[in-house]
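Below is one structure, written out as C-alpha cells; comments come after it.
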Protein chains: 2
Amino acid sequence: MKRKVTLKQIAKELDVSISTVSKALRNSIEISEDTRQKVQAFAKLYNYRPNNIALSLKNRKSNTIGIIIPEIVHHFFSKVITGIELVANKKGYNVIVGLSNESFDKEVINMQMLANGSIDGFILSISKETLQHQDYHHFVETINQGMPIVMFDRVVHEIPCDKVIVDDVKGAKKAVEKLITNGCKHIAIITTKDYVSVGKLRTQGYLSALEDHKIEPKSSLILKVDDKLLSDDNLDALEKEVELLFQSNKKIDGVFAVNELYAVTAMKVARKLGYSIPDDLQLISFTDGVLSKHSTPSLSTVSQHGQAIGEKAANLLINRLEMDHGDDNEYDEEEEVYETIIIETNLIERESTK
Amino acid sequence: MKRKVTLKQIAKELDVSISTVSKALRNSIEISEDTRQKVQAFAKLYNYRPNNIALSLKNRKSNTIGIIIPEIVHHFFSKVITGIELVANKKGYNVIVGLSNESFDKEVINMQMLANGSIDGFILSISKETLQHQDYHHFVETINQGMPIVMFDRVVHEIPCDKVIVDDVKGAKKAVEKLITNGCKHIAIITTKDYVSVGKLRTQGYLSALEDHKIEPKSSLILKVDDKLLSDDNLDALEKEVELLFQSNKKIDGVFAVNELYAVTAMKVARKLGYSIPDDLQLISFTDGVLSKHSTPSLSTVSQHGQAIGEKAANLLINRLEMDHGDDNEYDEEEEVYETIIIETNLIERESTK
DNA sequence: TTGTACGCGTTATCAA
DNA sequence: TTGATAACGCGTACAA
C-alpha cells in the first residue's frame, strides 16, 4: 500500500530540488526541456496529483462550497443540489453538504464545522426552527468573517447577502386564479404555520387572488398545519386535519396546497369521502416533484425550477468569491451590493384541474 | 470585515508566542493559570476556531468522507446520505457529496478531485455506465493509494473493500412469493437490463420464487426496460412498453417491479386498461419511497432501509479509518479482511396487495 | 537552469 | 512556565 506521492518524494527520487519538480510540472520555462520531461514522466508514472489541502492552506481558498439544507429527502432540495453541483463542478468547485434537519442547533454546528477553512462560502436554506426563533446571529457572524452566503427559498431579508427565491406570492396567486377561472367557488388552502416564510407568502398569494376576484376569504377554509405533529411515518394527524376541513366545509370545490404532501393527502382524503377529481374538486399544489407527476390523477402544480435555483445560487456565490479576491485592503468600506434573484414559477396543468 | 482570527494574531495581540497560545487553548498544564485564562478569554471574544485545513494538512487527515452516488433525486440515495451524515457527524466527520449522474467519466473525475487530500475515504454506489463498461481501475487505484472505499447497493465483488448490500435476491423472492400465496398465477416482472447488478439479482429472486412453486417462467412476462430510453420528463416510452406487456398477456394478475417508478407506471397503465387493484391485479415494488406510500392505492413494497445502509456504511468506513491509523510500517503485508454486510429487507404490505 | 527560503495555520518536541 | 523550531505539501520570489 503506497501512500500518495508528493513533490518531495519525486524530488528525492530524481535527485533534484522540490521547486524544480514543482516548476517542471507546471511547465515553467525556467526548467530545461530535459529535466522537465524526466519529471513529468515520473509524475505520470506515479500518478502524482497536487494535494488539495496544501493548496487550500496556501491559497487560503478551498474551492469548495458548503450547502446547508433542512433535509435532503425532499425533491425540491435535491434538485437544488443537483443544480449547484452542476455549476460548481464546471467551475472547479466541490460541494459539501450539511443537513440541519430543521434544527437550529444542528444548523449552527454544521456551519461552524464548515466555516473553519473547509469552504469558501455557503449556499443555504434556513431551517424551520431558526425561522421560528428568529435567531440569525450565526449568519451575521459568518458574513462578518468575510464568508459570503447565498440564501435560497427560505430566506430572511434582514440578512445582507445574495438571495435566490421564487415568486411565492405570485405563483400561489396564479394557481388560485386558475382554480377560480376554472369555476371553483369555495377554495380551501392547506398551508403551514406563518413562521415558515414561504408558507406565509403562499397564503398571501391565495388571499390576494380571492380579493382580486371579490371572494370573501373564510377562515374555516384556511388550514394551517402544524408540522410538529407530523413525524415522517405518521401522517394520520395530517389526514385527520384535512378530513375535518372537508367535513366542516361541504361546499369545497377547490384546494390549493403549499406542498405536494399536503396536496396528495388532500386528494386521498377527498376521494375517500367520495369526491370525484377534477369534476367535484380541483387541486393545485405548490412544488413540482415526483409525487405530483406520478399520482393518480396526476396533480397540477406550481413548478419552482429547483435546479435553476441551484444553478443561479452557485453562479452568484462563485461570482462573489472570485470578485472579492484581493479586496482585502482596498475599498473596505465600500457598501456591498447584494442581489435578490426571483425565479419565475410556472403552472403545470395535469389531471387534477379541468 | 475582519478575517478569521488565527493563533498568530492572538499571540501578537497578547504578546506571547504562538505555541503558548496553542497550549493555553488546549488547556495544557504547562501553561500558568493566569495566561491560560487571558488567552482563552481573548480567543472567546474573537471567536477563535482552529483552521480545519491546517489541521488536515498537519494530521494528514481531513475527517471528511466522500460520497459518490449516481443521482441525488432519488429517495433511496437521499436516505442513504441521511444515514451516512448522521453517523459521520456524530463521530466528528464531514460529508462531501459528488454526483456521477450515472456517467463513468464523471465518476472518475469526481473521485480524483476528492481523493487528493480532501477526504479520508469513500462511500459510493457505482454508476450504471461503469457497471456496463466493467472498468473498475479507478476503484483499484484509489484503494492502492491507501484510501478505503465502502460500496453500497450497486457493488462489484471483485474489488477488495467493505460492502453494504441488500439481500436483493431474497427480498425479490419474498415479494414474488407473497404474490403467489395471494393467489396470483401469472406474475410479470418489470426490471432493468442485466448489467445493473441489483436489477439482475432481483430478477433472479423472481425466477427462484417461480421455480420453488413450480411455475414455469415465461419470457413474455419479463420486461427488461432499457433506461437509456427514458429521460427524466419523458416517461411515455416506459408507459408504452408496459402497456404492450399487459396487452400481450391478458392473464397477468400480479406484477413485481424492481423500483417504484416502474411499479407506479404499471399501476397507472393497468388502471387505464380497466384493471381493479388489488382485485384483478396485485403489485409489489422493490424500494420503499415516497411514491409508494402516497400513491392511490398505496403500493406494497420491499423496504431497503436506505438510512440503515448509510449508517452501516459510515460505521464501516470510520472504523477502518481509525483502525488503519499508524499501520504505516507495521504488518504491511497482512492480508486485509473486508466485510460484506447484508441488510435485511422487509415487506411492507399496503393496498396494492390483498 | 537549478536551488533556497518563506509562508499558509497548526501542533509536537525540545530548549530555555 | 514559556518560546523557538520543525513539519505537513505546495508555490513562488529571489539567490546562486
Side-chain angles (χ1 to χ4, degrees), chain A residues 2-40 43 46-64 115-120 145-146 325-326 328, chain B residues 2-40 43 46-64 115-120 145-146 325-326 328:
Chain A
K2 28 174 190 177
R3 280 246 159 273
K4 288 232 68 169
V5 60
T6 68
L7 288 186
K8 194 200 257 189
Q9 291 165 36
I10 300 183
K12 193 161 133 199
E13 212 70 38
L14 260 46
D15 206 34
V16 289
S17 82
I18 295 179
S19 58
T20 302
V21 177
S22 172
K23 287 172 186 166
L25 288 176
R26 329 194 90 240
N27 279 314
S28 162
I29 40 164
E30 294 181 20
I31 303 297
S32 71
E33 185 59 28
D34 208 38
T35 42
R36 205 192 311 173
Q37 298 218 334
K38 196 174 59 178
V39 170
Q40 295 198 352
Y46 280 88
N47 195 26
Y48 169 79
R49 303 251 182 260
N51 181 316
N52 279 331
I53 292 290
L55 288 178
S56 299
L57 184 58
K58 180 155 185 45
N59 304 329
R60 290 143 139 201
K61 183 151 189 336
S62 61
N63 272 266
T64 302
N116 301 315
S118 304
I119 63 157
D120 299 333
Q145 284 175 348
H325 201 67
D328 255 353
Chain B
K2 26 173 191 181
R3 282 243 159 274
K4 291 231 66 171
V5 61
T6 68
L7 289 185
K8 195 200 258 190
Q9 290 165 36
I10 299 182
K12 194 160 128 197
E13 212 68 39
L14 261 46
D15 205 37
V16 289
S17 80
I18 296 180
S19 50
T20 302
V21 176
S22 172
K23 286 172 187 165
L25 290 175
R26 331 195 88 241
N27 279 316
S28 162
I29 38 162
E30 294 181 18
I31 303 297
S32 71
E33 185 59 26
D34 209 37
T35 44
R36 206 192 310 170
Q37 298 217 336
K38 196 173 55 179
V39 170
Q40 296 197 351
Y46 281 87
N47 196 25
Y48 169 81
R49 303 253 182 260
N51 180 314
N52 281 330
I53 294 288
L55 288 178
S56 300
L57 183 60
K58 177 140 190 58
N59 304 330
R60 291 140 134 199
K61 184 153 192 325
S62 61
N63 271 266
T64 301
N116 301 316
S118 303
I119 62 156
D120 298 333
Q145 284 178 347
H325 199 68
D328 255 351

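Lettering follows sequence order; numbering is per chain, from 1. Bear in mind the structure is a predicted one, so any value in this text is a computation, not a measurement.
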Contact check, side chains of B/L7 and B/L25, non-hydrogen atoms, under 4.5 Å: yes
Atom pair NZ (B/K38) and CD1 (B/I10), whose distance is rounded to the nearest 0.5 Å: 12.5 Å
Gap between atoms CD and P, on B/Q37 and D/dT1 respectively (whole Å): 14 Å
Residue whose nearest DNA chain D nucleotide is more 5′ - B/I29 or A/L55: B/I29
Pairwise distance CD(A/E13) to OH(A/Y46) - rounded to 0.5 angstrom: 6.0 Å
Of the listed nucleotides D/dT2, D/dT5, C/dT10, the one nearest the side chain of B/P50: C/dT10
5' priority, DNA chain C, between B/A54 and B/S19 [closest heavy atom]: B/A54
Sugar-phosphate only, base, or nothing, as touched by A/K8 at under 4.0 Å among non-hydrogen atoms: sugar-phosphate
Sugar-phosphate, base or nothing in reach of A/T35, heavy atoms under 4.0 Å: sugar-phosphate
B/I53 backbone acceptor or donor facing B/N51 side chain under 3.5 Å: yes
Nearest listed nucleotide, side chain of B/K23, among D/dC10, C/dC14, C/dG3: C/dC14
Among C/dT2, D/dG3, D/dG9, the one nearest A/N51 by side-chain distance: D/dG9
Upstream residue (5' side of DNA chain C) when B/L57 and A/E33 are each assigned their closest nucleotide: A/E33
Touch class at under 4.0 angstrom, heavy-atom based, for A/S22 against every strand present: base
Side chain of B/E30 (C-beta onward), nearest among C/dC14, C/dG3, D/dG9: C/dC14
Interatomic distance where CG belongs to B/D15 and P belongs to D/dA4 [whole Å]: 11 Å
Shortest side-chain distance from A/I31, nucleotide among C/dT10, D/dC10, C/dT2: C/dT2
Nucleotide D/dG9, atom P - distance to NZ of A/K12 in whole Å: 12 Å
Value in whole Å for how far the C1' atom of C/dC6 lies from NZ of A/K58: 8 Å
Taking every non-hydrogen atom, the tightest pair across B/R49 and A/N116: CB-OD1, 3.0 Å
Side-chain N,O (A/Y48) to OP1/OP2 (D/dG9) below 4.0 Å: no
Rounded distance (Å) that lies between atom P of C/dG9 and atom CG of B/L7: 10 Å
For atom CZ of B/R49 and atom P of C/dT11, their distance in whole Å: 14 Å
OP1 or OP2 of D/dT12 under 4.0 Å from side-chain N/O of A/R26: yes
Atom-to-atom span, CD1 of A/I53 to C1' of C/dT11 - whole angstrom: 16 Å
Heavy-atom side-chain proximity of A/K8 to A/K12 below 4.5 angstrom: no
Short side-chain N/O contact from B/T20 to OP1 or OP2 of D/dT2, under 4.0 Å: no
A/S32 vs C/dT1: side-chain N/O to OP1/OP2 distance below 4.0 Å: no
Whole-Å gap separating C1' (D/dG3) and CD1 (B/I10): 17 Å
